[in-house]
Trainee: 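Just dropping this structure here.
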Amino acid sequence: VLINELSGLRVLEMRLRENLSLSEVIIVPGDSDKEPWIKNEMGKAAAMRLKQELTGHHVIAVTGGTTTASVAEMMTPGTKDQDLLFVPARGGLGEKVENQANTICSTMAAKARGKYRLLHLPDQLSKETYLSLMEEPGVKEVMELIHSASIVIHGIGDAKTMANRRNSSSAVLEKLEREKAVAEAFGYYFNQKGEVVHRVRTIGLQLNDLKHSDFIMAVAGGSSKAEAIAAFMKHGPKKVLVTDEGAANKLLSGT
Ligand code: BG6
């Protein structure tokens, strides 16, 4: 039974990879919406896949979220030849401490026995503050590291869920509604076509910077995220997706 189940998943992975034109898809059994521990299984699968990339020197940028937090929990120490530096992909985006990129990045470094650098920034920045912070030597240094990241690990969220979780203003909520935002990643909100309809202004990796990274891994699952995953993946760059069966089935059934 187990063998049949696994080969069924491999077929699902292949179909989803073609469907979303990704380079690689990893699917864990179950639906993390129904069984929360499935998120740890996604975390474990992502950490294992990541490990294959981690020989030599790497700067690894990570976003916040409960899913990347479970990737961090599942990381294990690497070999001696590894020289890993973890950085948050972007500055404050209005998350609770345990779900912030900074926290996840330091956990990953501790578990993988690497180093880390953090960005200490307020959540919502005015344009003036943003521009003057960018001139701070300490910020500049971390920014350069972030831009040199060869590996990026990120979550994908449902637009409404993320906007509410960030206590966004009613003006932002209305805008997202009006623009029919369905997905969120890196502080950017996307409509069904994968077009950016809104973004949170903060320092760090911008969407365009992703084209410089060699390995980009999205970790997102649960049937409720199917639409968000499909929308974000239209935007490219198209890399590795770690998800669960719940999201995969819904994505492939197109409902
Ligand atoms: C946030 C990231 O911290 O987590 C978002 O800033 C991402 O870009 C979100 O979409 C995903 O959260 P979760 O808890 O669903 O993994």
Side-chain angles (χ1 to χ4, degrees), residues 28 31-47 60-74 86-108 118-119 121-125 146 149 152-168 172 176 181-191 194 196-210 213 216-235 239 241-244 246-247 250:
V28 303
D31 183 343
S32 52
D33 281 349
K34 297 194 184 111
E35 291 150 304
W37 59 272
I38 299 292
K39 201 175 272 185
N40 300 337
E41 295 298 310
M42 273 194 288
K44 201 190 282 173
I60 303 138
V62 287
T63 73
T66 57
T67 318
T68 50
S70 64
V71 180
E73 285 307 320
M74 297 299 173
F86 293 84
V87 289
R90 300 194 79 196
L93 288 169
E95 286 275 33
K96 290 197 284 189
V97 167
E98 59 270 35
N99 297 335
Q100 282 171 13
N102 272 342
T103 314
I104 289 161
C105 152
S106 68
T107 308
M108 280 192 175
L118 304 180
L119 272 173
L121 299 167
D123 283 340
Q124 305 282 336
L125 299 174
I146 292 173
V152 179
I153 306 157
H154 71 94
I156 301 171
D158 163 70
K160 228 178 245 161
T161 309
M162 286 315 299
N164 287 324
R165 203 159 98 187
R166 289 176 174 145
N167 295 316
S168 309
V172 167
L176 295 175
V182 295
E184 188 282 345
F186 298 98
Y188 289 76
Y189 290 85
F190 308 85
N191 64 17
V196 175
V197 294
H198 178 71
R199 75 176 174 119
V200 183
R201 189 185 292 125
T202 184
I203 285 174
L205 211 64
Q206 308 300 318
L207 212 48
N208 277 338
D209 299 328
L210 286 181
S213 301
I216 301 165
M217 184 162 74
V219 195
S223 45
S224 63
K225 278 193 188 178
E227 200 182 11
I229 295 170
F232 176 75
M233 289 308 178
K234 280 189 189 132
H235 192 93
K239 301 288 178 192
L241 169 69
V242 180
T243 188
D244 62 18
K250 187 132 187 229

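Both ligands and their constituent atoms are indexed starting at 1 by order of listing.
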Trainee: Quick test: of every protein heavy atom, which one is nearest to atom 6 (O) of ligand 1, and how far off is it to 0.1 Å?
Mentor: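 Nearest protein contact, heavy atoms only, for atom 6 (O) of ligand 1 is Arg166 NH2, 3.0 Å.
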Trainee: Quick check against the 3.5 Å criterion: does Arg199 have a side-chain atom that pairs as donor or acceptor with the backbone of Gly187?
Mentor: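 Checking the backbone N and O of Gly187 against the side chain of Arg199, no donor-acceptor pair under 3.5 Å is found.
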Trainee: Can you tell me which residue and heavy atom of the protein come closest to atom 15 (O) of ligand 1, and the distance to 0.1 Å?
Mentor: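 Heavy-atom neighbour on the protein nearest atom 15 (O) of ligand 1: Lys225 NZ, 2.6 Å.
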Trainee: Does Gly221 offer a backbone N or O that forms a donor-acceptor pair with the side chain of Asp244 under 3.5 Å?
Mentor: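 A pair under 3.5 Å: no.
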Trainee: May I ask you to identify the nearest protein heavy atom to atom 8 (O) of ligand 1, giving residue, atom name and distance to one decimal place in Å?
Mentor: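 It is Glu184 OE1, 2.8 Å.
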Trainee: Return yes if some donor-acceptor pair links the side-chain N/O of Asn102 with the main-chain N/O of Leu118 below 3.5 Å, else return no.
Mentor: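 Such a contact is absent between Asn102 side chain and Leu118 backbone.
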Trainee: Applying the side chain to side chain contact (heavy atoms under 4.5 Å, CB included) test to Thr68, which of Ile104, Val62, Thr103, Thr107 qualifies?
Mentor: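 Single pass found, and it is Ile104.
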Trainee: I need the atoms of ligand 1 closer than 4.0 Å to a non-hydrogen atom of Gly157, numbered in the order shown.
Mentor: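 Per the distance check, 10 (O).
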Trainee: Do any N/O atoms on Leu93 end up under 3.5 angstrom from N/O atoms on ligand 1?
Mentor: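 The answer is no, given that Leu93 and ligand 1 share no N or O pair closer than 3.5 Å.
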Trainee: So, is Ala185 polar-close to ligand 1, with some N/O to N/O distance under 3.5 Å?
Mentor: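 No; every N/O pair is 3.5 Å or more apart.
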Trainee: Specify the protein heavy atom at minimum distance from atom 3 (O) of ligand 1: its residue, its atom name, and the distance to 0.1 Å.
Mentor: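 The protein heavy atom lying closest is Glu95 OE2, 2.5 Å.
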Trainee: Is Thr67 touching ligand 1 with its side chain, its backbone, both, or neither, if touching means heavy atoms under 4.0 Å apart?
Mentor: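 For Thr67, backbone and side-chain atoms both sit under 4.0 Å from ligand 1.
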Trainee: Does any N or O in the side chain of Ser32 come within less than 3.5 Å of the main-chain N or O of Ile38, such that one atom is a donor and the other an acceptor?
Mentor: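 No: the side chain of Ser32 does not pair with the backbone of Ile38.
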Trainee: What protein heavy atom sits nearest atom 14 (O) of ligand 1, and how far away is it?
Mentor: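 So the nearest neighbour among protein heavy atoms is Thr66 OG1, 2.4 Å.
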Trainee: So, does Glu227 use its side chain to make a donor-acceptor pair with the main chain of Lys225 at under 3.5 Å?
Mentor: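 The answer is no, because no donor-acceptor pair under 3.5 Å joins these two groups.
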Trainee: Below a 4.0 angstrom heavy-atom separation, can you tell me which part of Thr68, side chain or backbone, both or neither, approaches ligand 1?
Mentor: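 Near ligand 1, Thr68 shows nothing, with every heavy atom at 4.0 Å or more.
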Trainee: Within the distance-only criterion (no hydrogens, no angle test), does the side chain of Thr63 pair as donor or acceptor with the backbone N or O of Phe186 below 3.5 angstrom?
Mentor: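 Checking the backbone N and O of Phe186 against the side chain of Thr63, no donor-acceptor pair under 3.5 Å is found.
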Trainee: Can you check whether Leu207's main-chain N or O pairs, donor with acceptor, with Tyr188's side chain at less than 3.5 Å?
Mentor: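 Confirmed, Tyr188 side chain pairs with Leu207 backbone.
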Trainee: With heavy atoms only and a cut-off of under 4.0 Å, state how His154 meets ligand 1: side chain, backbone, both or neither.
Mentor: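 Neither; nothing of His154 gets under 4.0 Å from ligand 1.
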Trainee: Which atoms of ligand 1 are found less than 4.0 Å from any heavy atom of Ile156?
Mentor: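 Counting from 1, the qualifying ligand atoms are 10 (O).
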Trainee: For ligand 1, which atoms, with element, lie under 4.0 Å from some heavy atom of Met162?
Mentor: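 Numbered from 1, ligand 1 contributes 1 (C), 4 (O), 9 (C).
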Trainee: Can you tell me the protein heavy atom closest to atom 12 (O) of ligand 1 and the distance?
Mentor: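 So the nearest neighbour among protein heavy atoms is Arg165 NH2, 3.1 Å.
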Trainee: If you measure from the Lys or Arg side-chain nitrogens to the Asp or Glu carboxylate oxygens, is any gap between Arg166 and Glu184 under 4.0 Å?
Mentor: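 Answer for the salt bridge query: yes.
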